[in-house]
Amino acid sequence: MLSKKMNDALNNQANRELYSAYLYLSMSYYFESIKMRGFAHWMRLQAGEELVHTMKMLDYTAGKGGRAEMLAVEAPKFSWDSPQQAFQHVWDHERAVTGLIKALVKVAEEESDEGTAEFLQWYVKEQVEEEESSDNVLNKVKAAGDDRSALEAADRLLGERAFKFPRGFEIFP
Ligand code: OFO
């Protein structure tokens with residue numbers, strides 16, 4: 001059984017994961033609007049991953065006798081000045097999320113909830129991957145700079161991304 005403090009903290013983090021999905025969808029439609037369809041595709045898949053992160057956390061909460069609660073989702077930013085600014089935002093955002101996950105692990109430890117601390121290790125590892133992939137993409141976009149044909153090449157490359165459910169979890173088992 002989860003403590004109330006742990007239950008609330010998990011619901012708050014699930015809300016932040018859903019916000020991440022919302023943010024990346026917003027970026028996806030921003031890229032659609034500037035006709036960079038590969039970047040839009042990459043962001044759409046990223047939003048899908050965030051939805052998986054959200055539901056995995058809510059499922060865990062409910063499965064441990066807690067109550068999964070849908071909290072209000074903040075509206076994300078609507079537009080960016082350039083692809084580089086958007087991908088910089090992704091990188092900054094993912095680093096901030098890593099901080100939130102670490103804080104959540106701390107709550108589990110303070111609550112002497114070893115099961116939740118262990119469950120959260122999945123997110124700790126996932127964040128390492130999220131930071132790596134966003135850093136990678138940011139570097140590609142930075143290298144392209146203002147060169148339109150280099151940006152279009154990066155756009156095509158990111159457009160090849162395929163959706164993979166994150167390790168060991170599918171939304172619809
Ligand atoms: Fe859920 O990893 Fe990004 O935010």
Side-chain angles (χ1 to χ4, degrees), residues 2 6-31 38-64 66 68-80 83-109 113 115-142 154 158-159 161-173:
L2 299 171
M6 193 74 251
N7 193 149
D8 289 349
L10 287 164
N11 278 331
N12 278 326
Q13 185 58 34
N15 176 268
R16 294 317 290 164
E17 299 291 340
L18 194 52
Y19 169 76
S20 298
Y22 221 28
L23 173 66
Y24 296 147
L25 269 184
S26 184
M27 287 182 179
S28 178
Y29 290 111
Y30 154 71
F31 281 123
F39 291 160
H41 169 80
W42 191 93
M43 287 295 177
R44 192 176 177 88
L45 265 53
Q46 193 65 24
E49 279 206 4
E50 297 298 352
L51 196 55
V52 173
H53 297 174
T54 306
M55 292 174 78
K56 184 179 173 74
M57 195 160 284
L58 294 171
D59 281 357
Y60 174 82
T61 303
K64 288 287 164 190
E69 189 179 356
M70 306 306 114
L71 305 171
V73 184
E74 182 190 336
K77 195 168 148 86
F78 173 69
S79 193
W80 289 263
Q84 185 174 326
Q85 193 193 52
F87 282 106
Q88 180 70 50
H89 190 166
V90 176
W91 162 238
D92 293 341
H93 180 69
E94 286 304 330
R95 291 179 65 196
V97 171
T98 298
L100 292 176
I101 296 291
K102 284 184 180 159
L104 194 55
V105 171
K106 205 153 181 237
V107 174
E109 286 166 357
D113 187 339
T116 301
E118 196 185 318
F119 164 73
L120 291 172
Q121 289 310 305
W122 186 90
Y123 287 86
V124 171
K125 289 196 192 102
E126 188 69 9
Q127 280 312 119
V128 172
E129 288 176 19
E130 295 277 275
E131 284 196 26
E132 266 173 25
S133 77
S134 55
D135 187 36
N136 239 319
V137 176
L138 177 59
N139 285 334
K140 278 187 184 43
V141 174
K142 269 187 182 164
L158 267 62
R161 179 180 179 184
F163 186 76
K164 275 199 316 246
F165 276 101
R167 284 164 288 108
F169 185 79
E170 297 196 354
I171 295 179
F172 309 111

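Counting convention: from 1, in listed order, for ligands and their atoms alike. Side chains are part of it too, since the values below use all heavy atoms of this structure and drop only hydrogens, waters and symmetry mates.
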- Going by heavy atoms in the side chains, are Q13 and L120 under 4.5 Å from each other? no
Quiz item: Is the closest basic N to carboxylate O distance between K164 and E129 below 4.0 Å?
Solution: no
Numbered in order shown, the ligand 1 atoms found under 4.0 Å of a heavy atom of S20 are 4 (O)
### Message
Salt bridge or not between E74 and R16? Use side-chain N to carboxylate O under 4.0 Å.
### Response
yes
* To do: Hey, can you tell me if W80 and H89 have their rings parallel, tilted or perpendicular (30° and 60° cut-offs)?
  => tilted
So the atoms of ligand 1 within less than 4.0 Å of a heavy atom of H53 turn out to be 1 (Fe), 2 (O)
Ligand 1 to E50 polar contact by distance, N or O atoms, under 3.5 Å
yes
Taking atom 3 (Fe) of ligand 1 as the apex, OE1 on E130 and OE2 on E94 give an angle, to 10°, of 90°
dist L58:CG -> M70:CE (nearest 0.5 Å) comes out at 4.5 Å
Nearest heavy atom to atom 2 (O) of ligand 1, choosing from M57, E126, Q13, Q127, belongs to Q127
The closest protein heavy-atom partner of atom 1 (Fe) of ligand 1 is E17 OE1, 2.1 Å
Non-hydrogen side-chain atoms of F87 and K140 separated by less than 4.5 Å: no
For V97, the ligand 1 atoms with a heavy-atom partner under 4.0 Å come out as 4 (O)
